[in-house]
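For this chain, numbers begin at 1 and follow the sequence in order.
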Amino acid sequence: MTITRGRTRTVRAAILMGVSVVAVALSGAGAAADPAAESTEQQLADIIYQGRDVAWGTDGGLGGTGSACTSGSGAGSGNGSGDCLGGSGSSSGSSGGYSSDPGAIGPASTAFLPAFGYGLLNPDAGAPGTNDWGCKPTAEHPRPVVLLHGTWMNAYNGYAYMGQPIKDAGYCTFTFNYGRSNMVEGGGLGSFLPGVMGTGYIQDSAKQTAAFVDRVLAATGSDEVDIIAHSQGGSMANWYTKYEGGAAKVKNLVTFGATHHGTSLDGIGALGRMVNNLGIDVLGPIEIFVGHAGIQQTVGSDFVKTLNANGDTVPGVDYTVVGTRYDEVTNPYELTFLDQGPGSTVNNVVLQEGCEQDISDHLTMMYSPRALSIALRALDPVQNPQLTCAFNPWLIGGGGSL
């Protein structure tokens, strides 16, 4: 038993070190370079549709051939890119996973890095200000707010900064851990770390979100919720409104760095898909490390195709979509923005417009005072008309202070 526990600690320590190195490398690369010049609308369209043509085939059919969607038990992978649950051109492991409520509230944090580390080691910690199940919305703020974390994050480190200020502004706030998956369920390498979540199939996570929203509505007596979501949480919430009955239950959807149109992952995802659809399975082995959800969010995946098949938005939902020029994960950052459809409103916001000193990257934007002010304005523009402008650096966040 002692040897087993020792080996487990060693494996987890090695993985934790690897995750830290990757986080530093990714964020460091984004900080060292100037933000890319903003693409024109046509350039953005070219990026999106070229990626889709590669993945789907120029004849309108799905590209690639091969075996069924799931093969093996977390280690196997197939080349198939048919209409399967993963639908990414490759899939490893099986469907599964679960969601959970956080436990005791963790400490408030103004900086991403310490919050991320705390969340890894305390997977069931709750974000400050959240999950008071006795909270009742007021006439001024009649809708509870559901907070959705991103890939490889959790309820705590996703909202250790924003949770309490939103609560203090007069809202009932709720969050949970979705997409908890092990290696067999396709959770990837991150599943060895207790605090890594949001790795399972996004469709499964959307069903988990549907159940959680229903619980929030029942507890608060409300008819609708507002959702604030980061990264995968945004595209997953988008799927929820389109395919899991969420359109009638969501008024405001506020997303930060959301993968609404996928991501090239600095070109790695797009290149991998091109190679994959030539018959050489490279996405399968990558999926073993990053999990199902990571591959689903690449440009041209079947998930992204289906997500936007009938337009970017649904009637009745008002969207505030925030991107940062220094985003190294949802990349190019313009892919996060939405086109307004009938019966909805869309406000696409570049975080740096009017505040160049905010150099938040994908992760630290959830620890940006400006991002918080954008969220509060989206929830109640009358009470929160002004946006904050403050320095917020890459990787660390919190004004550079730990």
Side-chain angles (χ1 to χ4, degrees), residues 15-33 35 106 108-121 123 125 127 147-163 175 177 179 188 190 193 195-199 228-236 254-259 263-266 268-269 290-291 293-294 297 321-333 335-336 350-352 358-372 374-375 390-402:
I15 296 171
L16 178 59
M17 180 177 293
V19 170
S20 300
V21 169
V22 170
V24 171
L26 284 175
S27 301
S109 178
T110 60
F112 162 74
L113 201 58
F116 182 68
Y118 186 91
L120 285 182
L121 300 176
L147 310 173
L148 300 177
H149 64 79
T151 310
W152 277 49
M153 296 186 72
N154 55 46
Y156 171 76
N157 55 32
Y159 291 93
Y161 171 62
M162 287 193 180
T175 187
N177 295 308
L193 294 170
V196 168
M197 300 166 199
T199 58
I228 297 175
H230 176 230
S231 193
Q232 179 199 156
S235 55
M236 187 266 286
V254 185
T255 67
F256 293 90
T259 50
T263 173
S264 77
L265 289 173
D266 274 339
I268 297 172
V290 302
Q297 293 172 85
V321 184
V322 184
T324 173
R325 292 173 182 159
Y326 298 91
D327 199 321
E328 71 284 75
V329 177
T330 301
N331 167 274
Y333 74 91
L335 290 177
T336 195
V350 178
L351 191 62
Q352 286 75 29
D358 189 325
I359 56 174
S360 303
D361 65 2
H362 184 77
L363 299 172
T364 60
M365 67 190 307
M366 299 309 291
Y367 290 78
S368 159
R370 187 168 186 81
L372 173 61
I374 291 172
F391 173 65
N392 195 58
W394 61 278
L395 180 61
I396 299 173
S401 172
L402 296 177

What residues, two or more places apart in sequence or in another chain, satisfy ring-ring contact (aromatic ring centres under 6.0 Å, His included) together with Tyr159? none
Can any side-chain N or O of Thr259 pair as donor or acceptor with the backbone N or O of Ser235 at less than 3.5 Å? no
Evaluate the ring planes of Tyr156 and Tyr118, with Trp represented by its six-membered ring, and classify them as parallel (under 30°), tilted (30 to 60°) or perpendicular (over 60°). tilted
If I compare all heavy atoms of Tyr161 with all of Thr110, which pair ends up nearest, and what's the gap? CD1-CA, 3.9 Å
Looking at OH of Tyr333 and CD of Gln352, how far apart are the two atoms once the value is rounded to the nearest 0.5 Å? 7.5 Å
Value for CZ (Phe116) from CG (Leu121), rounded to nearest 0.5 Å, stands at 10.0 Å
Ser231 versus His362, closest heavy-atom pair with distance: OG-NE2, 2.9 Å
State, to 0.1 Å, how close Asn392 and Tyr367 come at their nearest heavy-atom pair, and which atoms those are. OD1-O, 3.2 Å
Among Thr263, Val321, Val350, find the residue that satisfies the side-chain contact (heavy atoms from CB on, under 4.5 Å) test when tested with Thr336. Val321
Looking only at heavy atoms, the pair that brings Ser264 and Pro332 closest together is OG-CD, 4.0 Å
Side chain to side chain donor-acceptor pair (under 3.5 Å) filter on Asn177, not counting sequence neighbours, yields none
Once you round to the nearest 0.5 Å, how far does CE of Met153 lie from CG of Leu120? 9.0 Å
N/O donor-acceptor pair under 3.5 Å between Asn157 side chain and Asn154 backbone: yes
Quick one: closest heavy-atom pair of Pro369 and Ala390, and the distance? CG-CB, 4.1 Å
Sequence neighbours excluded, which residues qualify as side chain to side chain donor-acceptor pair (under 3.5 Å) partners of Thr255? His260
Flag side-chain contact, heavy atom, 4.5 Å: Thr364 against Thr324: no
Can you check whether Thr151 reaches Gln297 side chain to side chain, under 4.5 Å on heavy atoms? yes
Would you say Thr175's side chain and Leu147's backbone share a donor-acceptor pair under 3.5 angstrom? yes
Can you name the closest pair of heavy atoms from His149 and Gly198 and give their distance? CE1-N, 3.9 Å
If we only count heavy atoms from C-beta on, is the Trp394 to Leu363 side-chain gap below 4.5 Å? no
Could you measure the distance from the CZ atom of Arg325 to the CG atom of Leu351? Nearest 0.5 Å is fine. 9.5 Å
With rounding to the nearest 0.5 angstrom, report the CG to CG distance, Asp361 to Asn331. 12.0 Å
